[in-house]
Amino acid sequence: MFQDETRPKIYFYLPFNKDGIRSVPATEESYWQWITRHREVGEGKYSWTLQTYLFLKSESYPCEIVVDFPCSGIVISHRDFLPVFLRPRSGVFLVCIKPDRKRHTWANCYIVQNPCDTLVGSKSPLKADIIVLPSWPQPSLVPRDTQRGERCENVAYYGRIINLAEEMRSDTWSTEIKRLGFNWTVVNMDRWNDYSSTDVTISMRPLNERNLKNGSGFIFDADSKPSAKLTNSWLAGVPAIVGAEPAYQTIRRSALDYIEVRTPGETKEALQKLRRDKVLYKEMVDNGFERAKEYSVDSIKALWIESIDNEIINKYERWIGQSQAKRVLTAVGETISYFADIQNIKDILALIKK
């Protein structure tokens with residue numbers, strides 16, 4: 001159904017050679033093992049781009065990986081692969097996968113993972129189009145062992161330590177949890193796929209900070225963060241305790257989706273409630289499996305194909321139908337808008353100083 005010579009070329013721009021990587025996996029089955037070997041280069045940008053390419057290729061969808069930025073066609077790439085000073089090409093329709101990053105200087109279209117992202121809606125400073133797509137499930141996910149039943153002992157956090165509430169990074173927290181009869185684990189990246197012995201997940205960001213800074217000085221707003229920690233818990237058959245974040249609240253349909261907490265004290269109460277109420281525990285697991293259907297590989301694959309076929313290509317056709325001069329002027333206008341934001345300039349200077 002994809003054999004159409006009139007279709008525009010679709011490229012995934014992945015300059016993996018600039019990360020010192022010689023080759024990328026040919027199938028999704030080998031992706032997780034590959035990225036854990038290359039974790040130092042950044043997992044997120046490859047999960048969004050390389051995984052998407054591999055899943056689309058498994059459906060014989062016409063697209064290809066390139067390490068050199070093309071001169072024409074539809075180019076899809078992660079914000080981390082796109083330098084601020086990337087020169088606009090009048091023949092390129094750039095689709096920037098933004099996630100929890102700042103916008104690009106001249107992208108024509110953005111893919112975001114949270115409908116609450118500041119680029120979405122009437123307050124957005126952009127003329128570019130926005131598409132909301134959930135992130136892919138955790139690759140090579142190993143679900144919780146069903147033989148554990150409603151046992152509630154092993155509590156885990158899956159993710160980078162910087163995204164965990166400071167109170168839960170301390171030895172004091174681990175000791176308090178142990179005193180209550182729970183085992184606390186901050187899971188290493190090479191085991192992010194393994195939920196086999198996990199009974200409950202906790203996902204709480206720093207409690208008194210709406211914004212976080214990573215090492216590069218870029219500000220990551222909670223409104224742009226994904227719901228992945230919750231949806232992965234659903235897929236794994238593990239009840240989730242989460243903080244009060246837009247990503248979770250937006251997709252919530254019932255009290256069985258997760259338990260929302262705002263303090264370490266509320267978190268302890270939630271853990272004890274789940275251990276005490278085995279009916280509730282099972283209901284949350286069953287509900288999670290039902291909700292997980294919306295976030296399976298097949299579901300997200302279908303969303304990507306639909307978005308490219310029915311949105312991105314249509315946007316490209318309208319855009320390429322404009323004169324070259326108008327396309328260039330639009331890109332220049334977006335670039336001027338980017339540098340008119342003083343915070344963007346400060347962030348660039350912070351990177352240069354490093």
Side-chain angles (χ1 to χ4, degrees), residues 1-16 21 23-36 38 43-70 72-79 81 92-99 107-113 129-143 193 226-228 231-232 234-236 251 289-317 319-320:
M1 61 177 171
F2 303 122
Q3 301 303 316
D4 183 351
E5 295 299 324
T6 65
R7 286 172 62 90
K9 292 284 188 180
I10 298 173
Y11 303 100
F12 281 88
Y13 175 57
L14 273 84
F16 55 85
I21 297 173
S23 62
V24 294
T27 64
E28 169 56 27
E29 287 75 19
S30 56
Y31 172 77
W32 182 243
Q33 185 179 19
W34 175 85
I35 194 60
T36 53
H38 298 287
E43 175 265 341
K45 60 186 180 182
Y46 287 101
S47 291
W48 271 101
T49 50
L50 179 54
Q51 272 201 118
T52 304
Y53 166 79
L54 293 173
F55 282 129
L56 293 183
K57 288 301 288 184
S58 72
E59 298 293 323
S60 298
Y61 195 87
C63 57
E64 60 182 284
I65 286 177
V66 292
V67 296
D68 296 315
F69 198 82
S72 62
I74 296 171
V75 178
I76 303 173
S77 191
H78 191 282
R79 177 63 180 82
F81 287 130
V92 167
F93 185 84
L94 178 59
V95 180
C96 174
I97 302 172
K98 179 187 141 327
N108 304 98
C109 180
Y110 288 90
I111 291 175
V112 300
Q113 60 194 357
D129 294 298
I130 312 295
I131 298 172
V132 181
L133 288 173
S135 55
W136 293 102
Q138 167 61 45
S140 301
L141 188 145
V142 179
N193 66 317
S227 59
T231 55
N232 283 333
W234 287 344
L235 287 158
I251 65 173
F289 280 136
E290 187 62 31
R291 292 300 314 275
K293 294 175 182 177
E294 304 168 51
Y295 301 91
S296 67
V297 166
D298 286 343
S299 293
I300 296 177
K301 194 187 300 184
L303 287 175
W304 264 97
I305 292 174
E306 179 183 4
S307 295
I308 295 176
D309 284 349
N310 298 333
E311 294 189 69
I312 292 175
I313 289 179
N314 288 339
K315 297 177 192 303
Y316 167 82
E317 297 290 358
W319 173 81
I320 202 67

Aromatic ring centroids of Tyr46 and Phe81 under 6.0 Å?
->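 Judged by ring-centre distance (under 6.0 Å), Tyr46 and Phe81 do meet the cut-off.
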Would a 4.5 Å heavy-atom cut-off, applied to side chains only, mark [X] and [Y] as touching?
X: Tyr11; Y: Cys63; value: no
X: Ile251; Y: Arg291; value: yes
X: Val24; Y: Tyr53; value: no
X: Glu317; Y: Pro8; value: yes
X: Ile313; Y: Ile308; value: yes
X: Ile131; Y: Val112; value: no
X: Phe16; Y: Val67; value: yes
X: Val95; Y: Phe93; value: yes

Considering all heavy atoms of both residues, which atom of [X] and which atom of [Y] are nearest to each other, and what is their separation?
X: Gln138; Y: Asn232; value: N-OD1, 2.9 Å
X: Trp32; Y: Ser140; value: CB-OG, 3.5 Å
X: Phe289; Y: Trp234; value: CD2-O, 3.7 Å
X: Ile111; Y: Trp48; value: CG2-CZ3, 4.1 Å
X: Pro25; Y: Leu54; value: O-CD2, 3.5 Å
X: Leu235; Y: Pro137; value: CD1-CB, 3.5 Å

Is a donor on one side and an acceptor on the other found under 3.5 Å between the side chain of Asn108 and the backbone of Leu94?
->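 Judged by distance alone, yes, a pair lies under 3.5 Å.
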Examine distances only and state if a side-chain atom of Tyr31 and a backbone atom of Ser47 form a donor-acceptor pair shorter than 3.5 Å.
->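 Side chain of Tyr31 to backbone of Ser47: a pair is present.
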Quick one about [Y] and [X] (side-chain donor to acceptor, distance below 3.5 Å, no hydrogens or angles considered), yes or no?
X: Tyr13; Y: Thr49; result: no
X: Thr52; Y: Trp136; result: yes
X: Tyr61; Y: Asp309; result: yes

Taking salt bridge (charged side-chain N to carboxylate O under 4.0 Å, His left out) as the test, write out the residues that go with Lys315, two or more places apart.
->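 Applying salt bridge (charged side-chain N to carboxylate O under 4.0 Å, His left out) to Lys315 gives Asp129.
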Using salt bridge (charged side-chain N to carboxylate O under 4.0 Å, His left out) as the criterion, list what pairs up with Lys293, not counting sequence neighbours.
->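 Residues passing salt bridge (charged side-chain N to carboxylate O under 4.0 Å, His left out) with Lys293: Glu290.
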Atom CG of Asn310: over 12 foreign heavy atoms under 6.0 Å |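 Yes, enclosed.
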With a cut-off of 6.0 Å (strictly less than), are more than 12 heavy atoms of other residues, nucleotides or ligands near CD of Gln33?
->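 Not more than 12 within 6.0 Å, no.
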Who pairs with [X] by side-chain hydrogen bond (donor to acceptor under 3.5 Å, both in side chains), at least two apart in sequence or on another chain?
X: Trp304; value: none
X: Ser296; value: Ser299
X: Ser307; value: none
X: Lys301; value: Ser58, Glu59

Nearest-0.5 Å distance, [atom1] of residue [X] to [atom2] of residue [Y]:
X: Ile21; Y: Trp34; atom1: CD1; atom2: CH2; answer: 4.0 Å
X: His78; Y: Leu50; atom1: NE2; atom2: CG; answer: 12.5 Å
X: Glu64; Y: Lys57; atom1: CD; atom2: NZ; answer: 8.0 Å
X: Ile300; Y: Tyr295; atom1: CD1; atom2: OH; answer: 8.5 Å
X: Arg79; Y: Lys45; atom1: CZ; atom2: NZ; answer: 12.0 Å

Among Pro134, Ser135, Ser227, find the residue that satisfies the side-chain contact (heavy atoms from CB on, under 4.5 Å) test when tested with Gln113.
->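 Only one of Pro134, Ser135, Ser227 forms a side-chain contact (heavy atoms from CB on, under 4.5 Å) with Gln113, namely Ser135.
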List the steps, then state whether side-chain contact (heavy atoms from CB on, under 4.5 Å) holds for Trp319 with Ile74.
-> CA-CA 11 Å; Trp319 173 81; Ile74 296 171; over 6 Å; no
